[in-house]
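In what follows, a structure is listed as structure tokens, so that the remarks can point back to it.
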Amino acid sequence: MTTTFAPKIIGTSSPATRILGVLSIIGLIALVVFGLVISPADFELGETIRILYMHVPTVSVAYLAFIITGVGSVIYLWKRSEFWDLLAASAAEIGVLFFGLTIFNGMMWGKITWGVFWRWEPRLVTTTVLFITYIGYLVVRSIPTDTRTRGTVSAVIGIMAIVNIPITHKAVDWWRGLHQSSTIFATVDPDMRGTQLFSAYLGLTVFLVIFAWLLIHRFRVAWLSERARGIGLDEAIAARRAEGSFS
Amino acid sequence: MLAITTVTFYIAAAWIVTFVSVGIYAAWVIKRGRELSEQVPEEDRRWM
Amino acid sequence: MSLSTVAGARLVARKDLRIEQHSRVALAQMLPFGMLVLILFAFALDPSRDVLTRATAGLFWMTVLFTSTLAVQRAFAVEVDDGALDSIRLSGISAASVFLGKVSALVIQLLVLEAVLALGVAILYNTDFGGWAMLVAVTLLSTIGMSAAGATYGVLVSRLRHSSTLLPLLLLPLLAPVLIAATKGSEVALGQEAGQSWSWVALLAVFAISYLVLGVVLYRPLLEET
Amino acid sequence: MTTPDPPPSDSLRSVPRADPAVELRSAVALLGRFPALAGCDLEVASGEIVLLRGPNGAGKTTVLRVCAGLVPVVEGSARVLGVDLRKDQSGVRQRVGLVGHSGGLYGDLTVVENAVFFAQASGLTHSDAMQALDRMGVATRLHPVAVHSLSAGQKKRVSFAAMLSRRPELWLLDEPHSGLDESARDDLDALLAAAAGAGATVLMASHELDRAGDVAIRTVDVVGGVTT
């Protein structure tokens, strides 16, 4: 499983990420063409359906990221492997980014549809609460401690947070009197047809590719920064030992 | 085809903010990766 | 040599309650704080326009939520202040016992605080109480849930720097469903709102059980493996 | 910067006997990101009384906390009472006693409540706790007093009593003589000698060379996170 460095490639890229990167760019161009040009406005939603082509992929990717964080956290506490700790943290960061975008897109959609940026709409509320939950996760990871404590503490938060997702969903749905079951993908309108449906799924696919590409890079950055920290530690140890030679 | 209306502004905002945010984040990650890979010796630059 | 989980939990809970008995921090500081919040809400919301009556349940649970973060903070400050937590980690008490003991002591203290605050609400906000069975169920389950999540995050932040400001950031979003369910459940119980009454109780039960189980499991890595 | 092993370790290796109570090899331990131990070597035979000597911030306290399984060793190796701390960090905790800078007691509880709680937490009884208080010369009139209102020396006696009641195999003492009056120091020395005589190992840290040196069998200098 060890990808050693090909000499020509710099930074955190590898042949696999290059392919993913190219696919992402092609995909985004195709998404612009299909989502903004080819596909028609919706009968019910009007032009606002075009926001869904951004909204649905970002929220789906964010939830996928948090599931990875949760699974990574469980495996980290079980196996204590650096890989899962760093993967969990990388996924959480990307998840927070996409969750932030989801909230922003939701507000844009709200402004058009309701005339206001914010309404106590269940999805928006749930997303915001969970967004802050995962900001807490990232804040905890940024507090300097030793690797093991950082890993343990953030894994616990990763697990607590993912258990909280369905509970928060249910609570907020019922709170707003929304009693029918709804999934993450419920915003993909089942009435969508033809190029609309195609654009929706194209958006989902493209963002999944982007997510994979980002996650690989982000993980490698995390991995490298641990190695760099190891070098920093060696220097710190040398400095610490030198304290003795003065006296 | 997207009709040009006041609605367009918010739709464009959603798309542009999403694209730009992901772009900036990706650029930051790549840049950070390049910086770090210069600090880290060759033999440590494998991922797992 | 080692104690059973239940015996250890009882020991820890008794110890925490004994500390409260001597120091009276919950009684002399948290309770007046909670009362003060109830009164300040009234100022902020203008009591003459019966907003208070309609918002009673929400204000009550918000107050409880704030007070409970103080209680969690206090519960772990006594452990960290003089390094007593280290003594506990060196003793034979299992991590699960420490968790269950901490939770039990928190639950007992919070229930007393809630009872007095409820009395305050009844007087200050002129609330008619009713639907006792459901009120009791809602209160008990949300208190257990808050205490379980609080005890886990309480010990977690005690391992980190900036712990006192970190705790509310981590704990309050996690407790959002408890706030919603406890508020709505109480409103239904008080007859202020029609609704699927027991589904809120069920949700609170799911929350409480989930975080009790998670706490029992996750205290081990937090206390023993680091 | 490699340090030679202290001489006793060689003689230990030649004579077959019990594992050393403490064996640190190039141990690195972090406080946050600061390497409090920077490749520390230390060997303590069972039954020995060893004094760690060094200036403030040398890493003495961290050595004690590592040996108690409270601070993880991130590089090098650490074995305490036969337990490999890098594999099982907490495995040794129940078998050691630590009297640290902070008392490790509950300030709001009384002397007796503290002693009894920690005794019971280790599966012992009320009378074990009372015996330990007695052994440490804690006056009966202090029993119902809250620990936070005790003097430093009295508090230290209670901490010792809480540790003593658990009959640890390895005693880890941070500045044990500080805050004690002359007669209490004599008591403590006698206690340490008796403990070592009964097979326990004592590892203590001090910057007070004059006093703690008397009872110690061997002194190890610690500076800059390493032993010299």
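Keep in mind that what you see is a predicted model, and the values were worked out from it rather than measured. Chain naming here is simple, since letters A, B, ... match the order of the sequence lines and numbering starts at 1 in each.
I11(B) is not listed as a side-chain neighbour of M108(A), based on a closest heavy-atom distance of 4.5 Å or more. Put simply, the side chain of Y25(B) does not reach to within 4.5 Å of the side chain of F98(A), judged on heavy atoms. Residues W223(A) and L36(B) fail the side-chain proximity criterion, which asks for heavy atoms closer than 4.5 Å. Between T18(B) and F207(A), some side-chain heavy-atom pair lies under the 4.5 Å cut-off.
I25(A) pairs by the side chain to side chain contact (heavy atoms under 4.5 Å, CB included) definition with I29(A), not counting sequence neighbours.
Rounded to the nearest 0.5 angstrom, I112(A) CD1 and F9(B) CZ are separated by 10.0 Å. Taken to the nearest 0.5 Å, the CZ atom of R218(A) stands 7.5 Å off from the CZ atom of R32(B). Note that CD of E35(B) and OG of S225(A) are 11.5 Å apart. Values are rounded to the nearest 0.5 Å. Separating the CG atom in L31(A) from the CZ atom in F19(B) is a distance of 5.5 Å, to the nearest 0.5 Å.
Around atom CH2 of W78(A), no more than 12 heavy atoms belonging to other residues, nucleotides or ligands sit under 6.0 Å away.
With a 4.5 angstrom heavy-atom cutoff, W109(A) does not touch chain B via any of its atoms. Contacts of F117(A) with chain B are made by side-chain atoms alone, with heavy-atom separations under 4.5 Å and no backbone atom involved. Of the atoms belonging to I216(A), not a single heavy atom falls under 4.5 Å from chain B.
For the pair L224(A) and G33(B), the tightest heavy-atom approach, listed with the atom from each and the gap, is CD1-O, 3.8 Å. In terms of heavy atoms, I231(A) sits closest to P41(B) at CD1-CD, 3.5 Å. Nearest heavy atoms, W15(B) versus R50(A): NE1-O, 2.9 Å. Contact between A13(B) and F104(A) at its shortest, heavy atoms only, is O-CE2, 3.6 Å. The shortest heavy-atom contact between V29(B) and V221(A) is O-CG2, 3.3 Å.
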Could you check V22(B) against L28(A) for side chain to side chain contact (heavy atoms under 4.5 Å, CB included), going step by step and ending with a plain yes or no?
CA-CA 11 Å; V22(B) 173; L28(A) 281 178; over 6 Å; no
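Of all the listed residues (T17(A), T58(A), V32(A)), the one sharing the greatest number of non-hydrogen pairs under 4.5 Å with chain B is V32(A).
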